[in-house]
Asker: 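First the structure, which I've put down as structure tokens, then a few questions once you've had a look.
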Amino acid sequence: PSRWPVVGHPSLRRVQVMLVTPSRTITWLSMIVAGISLKLTDFDASTVETRASSGGKYTSLTCTINATSKEQLDALYRELSAHPMVKVVL
């Protein structure tokens with residue numbers, strides 16, 4: 001069985017983005033959240049959680065999205081992964 005929702009049957013998914021912590025963390029995080037908002041019009045930015053790594057080198061951004069298809073998730077993952085500050089998208 002597929003773990004991806006069928007088109008027309010949205011489901012909530014958690015997306016985690018690991019990025020190198022820049023000197024202006026808030027600016028970069030805001031840009032990434034804005035990019036997600038452009039792709040997903042019903043995205044609720046209040047679902048975003050951030051956490052710094054123990055050494056402070058990385059920042060984790062976790063958000064909940066309303067996914068409608070595997071294709072939508074794939075496109076979002078590709079766009080986030082292409083960002084120069086992003087190291088991993090889960």
Side-chain angles (χ1 to χ4, degrees):
S2 174
R3 65 183 189 104
W4 302 107
V6 176
V7 174
H9 295 91
S11 65
L12 296 178
R13 301 279 181 196
R14 293 186 55 85
V15 175
Q16 185 172 17
V17 181
M18 296 293 295
L19 59 145
V20 174
T21 302
S23 58
R24 294 183 171 161
T25 305
I26 299 303
T27 302
W28 284 104
L29 293 178
S30 297
M31 289 175 60
I32 290 172
V33 169
I36 294 171
S37 296
L38 287 173
K39 285 282 189 194
L40 307 169
T41 56
D42 63 347
F43 174 65
D44 180 1
S46 71
T47 67
V48 175
E49 302 168 18
T50 60
R51 186 175 3 168
S53 65
S54 59
K57 183 175 180 180
Y58 300 98
T59 299
S60 167
L61 180 147
T62 304
C63 57
T64 302
I65 64 165
N66 190 25
T68 58
S69 69
K70 181 181 184 311
E71 293 77 19
Q72 180 191 44
L73 285 172
D74 288 346
L76 180 62
Y77 279 47
R78 277 192 303 272
E79 184 169 322
L80 290 171
S81 297
H83 192 286
M85 299 299 289
V86 172
K87 296 300 176 191
V88 177
V89 180
L90 304 171

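Positions are given from 1, in the same order as the sequence printed here.
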Asker: If you round to the nearest 0.5 Å, how far is NZ of Lys87 from CG of Leu19?
Answerer: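 Nearest 0.5 Å value for the CG-NZ distance: 9.5 Å.
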
Asker: So how far is it from Arg14 CZ to Thr64 OG1, rounded to the nearest 0.5 Å?
Answerer: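 Rounded to the nearest 0.5 Å, the CZ-OG1 separation comes to 4.5 Å.
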
Asker: Do Ile36 and Cys63 touch side chain to side chain, with heavy atoms closer than 4.5 Å?
Answerer: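 The answer is yes, as the side chains (C-beta and beyond) meet within the 4.5 Å cut-off.
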
Asker: Taking all atoms of both residues into account, what is the closest heavy-atom pair of Ser81 and Val86, and its distance?
Answerer: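 Minimum heavy-atom contact is CA-CG1, 4.3 Å.
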
Asker: Which value, rounded to the nearest 0.5 Å, describes the distance between Ser37 atom OG and Ile65 atom CD1?
Answerer: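 Reported value, rounded in 0.5 Å steps: 11.5 Å.
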
Asker: Who passes side-chain hydrogen bond (donor to acceptor under 3.5 Å, both in side chains) against Thr47, sequence neighbours left out?
Answerer: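 For Thr47 there are no side-chain hydrogen bond (donor to acceptor under 3.5 Å, both in side chains) partners, ignoring immediate neighbours.
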
Asker: Find the distance between NZ (Lys70) and CG (Leu73) and round it off to the nearest 0.5 Å.
Answerer: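 Here the interatomic distance stands at 8.5 Å.
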
Asker: Return the CD to CG distance between Gln16 and Leu80, rounded to the nearest 0.5 Å.
Answerer: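 Between atom CD of Gln16 and atom CG of Leu80 there are 12.0 Å.
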
Asker: State plainly whether one hydrophobic cluster holds both Leu12 and Leu61, where clusters connect Ile, Leu, Val, Met, Phe, Trp and Tyr through side-chain heavy atoms under 4.5 angstrom apart.
Answerer: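 The answer is no; the residues belong to distinct hydrophobic clusters.
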
Asker: Does the Tyr77 side chain pair with the main chain of Val89, one donor and one acceptor, at a distance under 3.5 Å?
Answerer: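 No.
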
Asker: Is Leu90 close to Val88 at the side-chain level, that is, under 4.5 Å between some pair of heavy atoms?
Answerer: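 The answer is yes; the side chains approach within 4.5 Å.
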
Asker: Please find the pair of heavy atoms, one from Phe43 and one from Val48, that lie closest to each other, and give the distance.
Answerer: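 In this case the closest contact between Phe43 and Val48 is CZ-CG2, 3.7 Å.
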
Asker: Quick one: does any side-chain atom of Gln72 pair with a main-chain N or O of Thr68 as donor and acceptor, under 3.5 Å?
Answerer: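 Checked: pair present.
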
Asker: Roughly how far, to the nearest 0.5 Å, is the CG atom of Leu40 from the CG atom of Asn66?
Answerer: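 CG of Leu40 is found 8.5 Å from CG of Asn66.
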
Asker: Can you confirm whether Thr62 sits close enough to Val15 that some side-chain heavy atom of one is under 4.5 Å from a side-chain heavy atom of the other?
Answerer: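 The answer is no; the side chains never approach within 4.5 Å.
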
